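Presented below is the structure to which this report refers.
Positions are given from 1 along the sequence. What you are looking at is a predicted structure, and each value in this text was computed from that prediction instead of being measured.
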Amino acid sequence: MKTLKKSKKYVSLALLGMMFLSIFSFVLPLLQSTTAVAEDAAAPAGPPPTGKDVYYKTDGPVSGPPAPHLTAQDYPSTKLPGVFGESRLLIWTVAQQHLFFGSFVLAVPIFCMVIELVALLVKDPVASKRYDQLAYDFIKISLTAYSVTAILGGLLIFGFITLYPGVFGYVASLFRPFMHIYALLFLAESGTLYIYYYGWHSMEEGFLKWVHATLGILLNVFGTTLMMLANSWLAFMMAPSGVDEKGQFLGNYAHLLHSALWNPINIHRIIGNMVFGGGIVAAYSAYKFLSAKTKEQKAYYDWMGYIAMFFAVGSLIPLPFAGYWLMREVYAYRQQMGITLMGGLLAWLFILQAVLIGALFFAVVYYLFNGMQRMKGAERYDRVIKYVFFGMTVAFLVWLTPHTLVMKASELKAIGGQQHPVVGNFGVMSAKNGAVNTMLMITIFAFIIYQRANKIITVKWANLGNALLFSMFGVALFNNWWLAIYGYYIPANVRVGLSVPQVAGTLTCLFAGTALNLAMLKGAKSTGPILWGTISNRSQFAMFALGVSFTWLMALMGYIRSSVRLFWHAMEIMRDNSPWAFTHPIGFASNVMSVNVVIFWIFSLFVFWLAELSAGHRDVPSMEDSPAVKVKTTGGHAIAGASE
C-alpha cells in the first residue's frame, strides 16, 4: 500500500512538472516572437513612419495597417425577417450566453479552491470530509458548464468571422500573439480541470491531497489569465491604446494590452463573477433542497446554500466600489462617455440596475432572517427585523428614484419641469451614494445579528464591545448621511470625491465591525444547535431570486458597457457603418436581455439535471461534528454544525 501511495505521489509531481514545462515551453518562445515581431516591424527598409499613441501620447513606429473603413455592404446578413435579420442580435445573444457560462466556470473553481483549502485546515475530520465533499459537488456542476462554455465560445468566433469579418480581422491582426497565448491557456485550463475533477478521489489523502489543492490554484491562475486577455479586447474597443488616430499599431504590445479601462474591468469582472457564481450555486442548492427526500439531504443542501450565499454576499459587498472605480476611469478617459452612461441616453438603465441591486439586498436580508429560525434563542432578535426592513425600504426608495421623468407635455407643465420639486431631489448621485451605503451597512448589521442568533456573549468586556460596535455604525451612518447632504452644496467635480469617505465608513463597518463581533463571540454560550434543514421553503425562493437578479444585472451592465461606444466598433478609431449601427429603445434592449436570462436558466436547469444524474443516489455527508471536537470546542454543549 505504501508503495502504491509513493508511486501516486511521484506520478502527480511528475504530472505537475510536465504541465508547467509544457506551458512555458510554448509561451516563452511566443513571448520572444512577440518582441521580435515588434522589432521587425519597427525596422522597415526606409525611414520608418511614426505615429502618436492615442492614449499614452508616446511616439512609435507604425507597424500595422490602419483600421478599415467599412461600408454597409461589408457586413453580411443572416437574411432573416425583421429584427432577427440583425447580425448584431445574433452576436449579442451568443456573446451573452458565453459570458454567463464563462463567468460561472471561472467563479466556481475559486470557491472549490477556497473550500478545499478549508477542508485541509479544519481539524475535525468529519467537518473536513464535509467541506471536501462540498468542493467536489461544486466542481461537478462546473464540469458540464465548462463544455457548454467552450461550445458557445466556438459559436461566437464563428459568428464574428462570418457576420463581422472586417471587425474581427482588424482586432485579430492587433491581438494575434495574445490570441495564441489564449488558445494555449485554454488547453492548459481544460487539462488541469479534468485532472482536478477525475483525480479527486485518487488524490484525497496525505501529500497527494496537497498536490490536488495546488492543481486547484493552478486552475484558477489559468482561468483568471484567460479572462484578463479577453478583457483586453473589449477594453481596447472602449478605450483604444497602442495605436495612432488611424488605428495603426505602434509596435508596443504592453500599451495595446494595458488600455485605460483594462485594470478596472478586470477587477470588476473578477468580483462580479464571484457574485454571479455564488448566486448560481445558491440556486442549485435551493433546487436540491426543495427536491430532497430525506432529512439528511435537506440538512446538507441547506448548509450548502448557506455557504454559497456567504460567498455571494461576501463578494457583493465590494462590487459597488469596483463599479465606482470603473465609472470614474470611464469619465477620466472620455467625459462624454460618462455623461452618456450616467446622465444621457443610457441613464434610465441605471434605474433598472438600482431595482435589481435593491432586490439583491432584500433577498439576502430576508434569507438571513429566515435562517435564524433554525437556531433556538434567535427569537429575541425578532423585534429588530421590522426596523431593519424599514430602513432598507427607505434607502431602496431613494436609491431607485430617477433624476428625470418621462411625461406628457401637460404633466410637465403641471410639475414645472422634468424633475418633481420634492422627489426629484433624491434622483442625484449625492443622494444615491448615501442610499446604497446605507443599504450595505444595514446588510452588514443583519449579518452580525445572524452571527449572534444562537449565542450569548460571555466576554467580560461585552458592554464595552457593544458600545464600540454601535458607535462604529452610528458614526459611519452619520458620516454617510452628512456627506450626502453636503454634496448638494458643492460642485459636481468635488462631490465625486465624497464617495471615498462614505465608502471608508462602510468598509470599516464590514471589516472592523465583523472582526469585533467575532472577538466578542469567542467562548460564547450556545443557546442551541443550528438545525440544518429546518429552514423554510420560502427562503429557498429568495436564493432563486438572488441568482436570477445577478443574471439580469450582468446582462444589463454588459449591455450598458457595450452601448456606450454608440456608433463605434473601436472608440474614435473604427466606425460602425453596419445597417444596425443605432441604439435600440430601452424596451427592446430589456426584452433581449430578459430572453437571454430565460435561455441561460433553461440551460442551467439542464446542467443541474445532468449533475444530478451523475450523482445517482449517493449518501450526503453528515452534518454532525465528531464527538471529540464537540467536547473540545463547547465544553460539553452539543452543537450540530454550529461551528459554521
Side-chain angles (χ1 to χ4, degrees), residues 99-118 131 134-135 138-139 141-142 145 216-217 219-220 223-224 227-228 231 263-286 304-326 353 356-368 371 436-437 439-448 450-451 503 506-507 509-511 513-515 542-558 644:
L99 181 67
F100 281 151
F101 279 96
S103 300
F104 181 53
V105 299
L106 280 173
V108 172
I110 296 176
F111 298 160
C112 293
M113 177 184 70
V114 174
I115 294 171
E116 190 178 14
L117 289 173
V118 170
Y131 278 114
L134 182 67
F138 280 173
I139 202 69
I141 309 167
S142 170
I217 296 170
L219 177 63
N220 282 290
T224 306
M227 183 205 67
M228 291 171 68
N231 288 347
N263 285 339
I265 287 177
N266 285 334
I267 298 298
H268 193 256
R269 270 206 161 173
I270 289 172
I271 300 173
N273 288 347
M274 291 175 66
V275 175
F276 180 71
I280 303 303
V281 175
Y284 171 74
S285 309
M304 176 191 273
Y306 171 74
I307 298 291
M309 173 72 81
F310 181 80
F311 270 111
V313 175
S315 309
L316 175 65
I317 298 294
L319 187 61
F321 310 133
Y324 281 145
W325 185 32
L326 177 58
Q353 180 218 33
L356 290 171
I357 289 178
L360 289 179
F361 285 118
F362 271 108
V364 170
V365 176
Y366 180 78
Y367 174 83
L368 287 175
V436 73
N437 278 287
M439 282 197 289
L440 283 167
M441 279 188 267
I442 290 175
T443 306
I444 297 165
F445 182 69
F447 182 66
I448 286 177
Y450 179 87
Q451 284 183 314
V503 167
T506 305
L507 291 179
C509 290
L510 173 63
F511 294 112
T514 50
M543 292 215 282
F544 277 118
L546 192 75
V548 172
S549 296
F550 282 144
T551 314
W552 233 324
L553 201 56
M554 185 172 280
L556 179 68
M557 297 313 294
E644 289 80 8

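- The minimum heavy-atom distance between Met113 and Gly216, with the atom names listed, is SD-O, 4.3 Å.
- Closest of all the heavy-atom pairs between Leu219 and Pro109 is CD2-CB, 3.9 Å.
- To the nearest 0.5 angstrom, Thr224 atom OG1 is 12.5 Å from Arg269 atom CZ.
- Nearest heavy atoms, Ala542 versus Tyr366: CB-CD2, 3.8 Å.
- Separating the CG atom in Leu556 from the CD atom in Gln353 is a distance of 6.5 Å, to the nearest 0.5 Å.
- Here the shortest heavy-atom pairing between Ala135 and Cys112 reads O-SG, 3.3 Å.
- Of all non-hydrogen atoms in Tyr450 and Gly371, the two that sit nearest each other are CE1-C, 3.9 Å.
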I'd like to know whether Phe311 forms a side-chain contact (heavy atoms from CB on, under 4.5 Å) with Ile110, so could you lay out the CA-CA distance, the side-chain angles of the two residues, the decisive distance to 0.1 Å, and finally the verdict. CA-CA 10 Å; Phe311 270 111; Ile110 296 176; over 6 Å; no
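- Distance check: Phe544 CZ to Ile280 CD1 gives 10.5 Å after rounding to the nearest 0.5 Å.
- Ring planes of Phe447 and Phe310: tilted class, angle from 30 to 60°.
- With a 4.5 Å cut-off on side-chain heavy atoms, Phe361 and Leu316 count as touching.
- Of all heavy-atom pairs between Met309 and Ala282, the closest is N-CB, 4.5 Å.
- Only one option out of Leu546, Val313, Val275 pairs with Leu360 in a side-chain contact (heavy atoms from CB on, under 4.5 Å); it is Leu546.
- Rounding to the nearest 0.5 angstrom, the gap separating the CD1 atom in Ile267 from the CG atom in Leu319 is 11.5 Å.
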Verdict with reasoning, Phe138 to Met304, per side-chain contact (heavy atoms from CB on, under 4.5 Å): CA-CA 10 Å; Phe138 280 173; Met304 176 191 273; 3.8 Å; yes
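- Between atom CG of residue Leu99 and atom CZ of residue Phe276 there is a gap of 8.0 Å, rounded to the nearest 0.5 Å.
- Counting heavy atoms from C-beta on, the side chains of Val436 and Thr506 never come closer than 4.5 Å.
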Could you walk me through whether Ile270 and Met227 pass the side-chain contact (heavy atoms from CB on, under 4.5 Å) check? CA-CA 9 Å; Ile270 289 172; Met227 183 205 67; 3.3 Å; yes
Take Phe104 and Val281, measure what side-chain contact (heavy atoms from CB on, under 4.5 Å) needs, and give me the verdict at the end. CA-CA 9 Å; Phe104 181 53; Val281 175; 4.1 Å; yes
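- If you take CD1 on Ile271 and CE on Met274, they are separated by 8.0 Å, rounding to the nearest 0.5 Å.
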